[in-house]
Chemist: 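Okay, here's the structure, questions in a sec.
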Amino acid sequence: MEDISPASEIGILYPDVEVLQIKQRRDMTPTTSTSNTATTPAPLTLPVIQPVAVRIPTVEIRDTANNRLVSCIEILSPVNKCEPSITDYRKKRQRLYNANVHLIEIDLLRRGNRPFNYPRLPDVPYLITLTRAGSGLIDVWPVKLQDTLPTIPVPLCEGDPDAVLELQAVLNAIYDEAGYDLSIDYSQPPPPPAIS
């Protein structure tokens with residue numbers, strides 16, 4: 001699934017408004033350069049703004065006795081699915097695999113590029129994957145818009161049974177807790193890409 005949409009449309013991750021305290025110059029007298037030519041002073045002086053750090057949370061399951069990461073659950077964000085961050089995310093996936101960490105990826109975004117490309121991936125808007133450490137295989141749950149989210153296994157330490165993650169129940173709880181029914185205007189058309 002290749003997304004050709006401009007990265008600027010992913011602005012929902014960054015603040016739309018910023019509050020700055022701007023100090024106006026008090027000295028409005030012209031300054032001179034070495035050539036004795038007067039320059040016009042700038043009416044405002046602004047601070048240099050550093051890029052906004054975007055925190056992308058992950059869920060980690062650790063073996064505290066051995067101080068070892070066992071499983072990682074990644075909820076893909078638009079940042080994970082476009083350049084330049086998708087390259088970094090792909091490296092992170094490889095590091096986790098090389099470190100024998102189970103990786104669950106939850107992609108509930110219809111936009112962006114998938115962090116992995118396989119020719120046999122179904123053309124669906126959502127995808128849940130599980131890469132078990134050392135298996136060399138990826139379990140894939142393709143999800144259409146009308147589908148209920150699956151209940152998936154969460155691998156733990158060797159010898160321990162998998163935990164169970166009911167994704168639909170989690171989504172319902174988050175939707176209710178966050179009050180999305182009050183903040184989403186369902187009378188508006190869905191955001192791009194268009195729904196067939």
Side-chain angles (χ1 to χ4, degrees), residues 1-15 49-64 66-145 147 149-158 160 162-168 170-171 174 190-196:
M1 180 173 102
E2 188 70 25
D3 187 3
I4 57 171
S5 62
S8 63
E9 293 183 22
I10 300 178
I12 58 169
L13 294 175
Y14 303 99
I49 300 173
Q50 297 299 319
V52 176
V54 178
R55 186 176 163 268
I56 302 174
T58 60
V59 176
E60 294 182 346
I61 299 170
R62 295 186 166 273
D63 174 357
T64 56
N66 297 311
N67 192 26
R68 185 175 71 87
L69 180 60
V70 175
S71 292
C72 182
I73 301 174
E74 290 280 346
I75 302 169
L76 297 185
S77 76
V79 171
N80 298 118
K81 294 185 73 177
C82 69
E83 288 298 349
S85 299
I86 193 169
T87 299
D88 293 336
Y89 181 72
R90 286 175 174 151
K91 290 176 185 174
K92 177 181 181 179
R93 291 178 79 244
Q94 190 61 50
R95 282 193 310 271
L96 290 169
Y97 184 76
N98 293 342
N100 281 330
V101 175
H102 306 293
L103 175 61
I104 294 172
E105 294 170 290
I106 302 171
D107 182 0
L108 300 179
L109 299 171
R110 296 182 302 118
R111 301 216 47 184
N113 300 311
R114 301 230 191 263
F116 50 87
N117 290 317
Y118 289 98
R120 294 187 347 207
L121 274 180
D123 186 22
V124 293
Y126 306 140
L127 209 59
I128 315 296
T129 61
L130 165 60
T131 307
R132 289 186 183 266
S135 71
L137 300 171
I138 301 174
D139 292 329
V140 178
W141 290 267
V143 182
K144 297 178 184 168
L145 287 172
D147 292 346
L149 293 178
T151 298
I152 62 170
V154 178
L156 302 175
C157 292
E158 189 175 336
D160 291 334
D162 292 343
V164 174
L165 178 56
E166 297 179 42
L167 289 174
Q168 189 64 54
V170 170
L171 180 70
I174 291 170
I195 296 175
S196 61

Chemist: Kindly compute the distance separating CG (Leu165) from CD1 (Ile128), expressed to the nearest 0.5 Å.
Modeler: 9.0 Å

Chemist: Quick one: side chain to side chain contact (heavy atoms under 4.5 Å, CB included) partners of Ala99, sequence neighbours excluded?
Modeler: Val101

Chemist: List for me each residue that meets side chain to side chain contact (heavy atoms under 4.5 Å, CB included) alongside Thr64, sequence neighbours excluded, and say none if there are none.
Modeler: none

Chemist: Identify the two heavy atoms, one from Thr58 and one from Cys72, that lie closest to each other, and give their separation to 0.1 Å.
Modeler: CB-SG, 4.3 Å

Chemist: Check the pair Cys82 / Arg111 against side chain to side chain contact (heavy atoms under 4.5 Å, CB included), numbers first and verdict last.
Modeler: CA-CA 9 Å; Cys82 69; Arg111 301 216 47 184; over 6 Å; no

Chemist: Nearest 0.5 Å please: distance from the CG atom of Asp139 over to the OG1 atom of Thr131.
Modeler: 8.0 Å

Chemist: Any chance you could measure Arg114, atom CZ, to Leu121, atom CG, to the nearest 0.5 Å?
Modeler: 7.0 Å

Chemist: Identify, with sequence neighbours excluded, every residue that meets side chain to side chain donor-acceptor pair (under 3.5 Å) alongside Tyr97.
Modeler: none

Chemist: Apply salt bridge (Lys or Arg N to Asp or Glu O under 4.0 Å) to Asp162 and list each qualifying residue two or more places apart in sequence or on a separate chain.
Modeler: Arg132

Chemist: So which atom in Arg110 and which in Leu145 form the shortest heavy-atom distance, rounded to 0.1 Å?
Modeler: CD-CD2, 4.0 Å

Chemist: Scan Lys91, Glu83, Arg90 and name whichever one has a side chain to side chain donor-acceptor pair (under 3.5 Å) with Thr87.
Modeler: Glu83

Chemist: Could you pull out all residues at least two apart from Asp63 that satisfy side chain to side chain donor-acceptor pair (under 3.5 Å)?
Modeler: Asn66

Chemist: Using a cut-off of 6.0 Å, state whether more than 12 heavy atoms not belonging to Asn98 lie near its atom CG.
Modeler: yes

Chemist: Which heavy atom in Pro115 sits nearest to a heavy atom in Ile86, and how many Å separate them?
Modeler: CA-CD1, 4.1 Å

Chemist: In Å, rounded to the nearest 0.5 Å, how long is the span from CD of Gln94 to CG of Leu103?
Modeler: 11.0 Å

Chemist: Are the side chains of Leu130 and Ile152 in contact, using a 4.5 Å heavy-atom criterion?
Modeler: no

Chemist: For side chain to side chain contact (heavy atoms under 4.5 Å, CB included), just list the numbers for Val79 and Tyr89, CA-CA rounded to whole Å, side-chain angles, deciding distance to a tenth of an Å, and then say yes or no.
Modeler: CA-CA 9 Å; Val79 171; Tyr89 181 72; over 6 Å; no

Chemist: Suppose we screen for side chain to side chain contact (heavy atoms under 4.5 Å, CB included). Which residues come up paired with Val59, at least two apart in sequence or across chains?
Modeler: Ile73

Chemist: I'd like to check Cys157 versus Arg68 (side-chain heavy atoms, cut-off strictly below 4.5 Å). Are they in contact?
Modeler: yes

Chemist: State, to 0.1 Å, how close Pro78 and Leu109 come at their nearest heavy-atom pair, and which atoms those are.
Modeler: N-CD1, 3.4 Å

Chemist: Taking all non-hydrogen atoms of both residues, which atom of Pro153 and which atom of Pro155 are closest, and how far apart?
Modeler: O-CD, 3.8 Å

Chemist: Could you state the interatomic distance from NE2 (His102) to CG (Leu156), rounded to the nearest 0.5 Å?
Modeler: 7.5 Å

Chemist: Going by the rule side chain to side chain contact (heavy atoms under 4.5 Å, CB included), which residues pair with Arg120 if we only count those two or more places apart in sequence or in a different chain?
Modeler: none

Chemist: Quick one: which of Val124, Leu149, Leu167 gives a side chain to side chain contact (heavy atoms under 4.5 Å, CB included) with Val143?
Modeler: Leu149

Chemist: For the side chain of Asn80 and the backbone of Ser77, is there at least one donor-acceptor N/O pair under 3.5 Å apart?
Modeler: yes

Chemist: Provide the closest heavy-atom pair for Arg93 versus Ile138 in the form atom of the first, atom of the second, distance.
Modeler: NH2-CD1, 4.2 Å

Chemist: Show your reasoning for whether side chain to side chain contact (heavy atoms under 4.5 Å, CB included) applies to Leu127 and Leu76.
Modeler: CA-CA 10 Å; Leu127 209 59; Leu76 297 185; over 6 Å; no

Chemist: Tell me every residue that passes side chain to side chain donor-acceptor pair (under 3.5 Å) with Gln168, counting only those two or more places apart in sequence or in another chain.
Modeler: Asn172

Chemist: Taking side chain to side chain donor-acceptor pair (under 3.5 Å) as the test, write out the residues that go with Glu158, two or more places apart.
Modeler: none

Chemist: Taking only residues two or more places apart in sequence, or in another chain, which ones meet Arg62 in a salt bridge (Lys or Arg N to Asp or Glu O under 4.0 Å)?
Modeler: Glu60

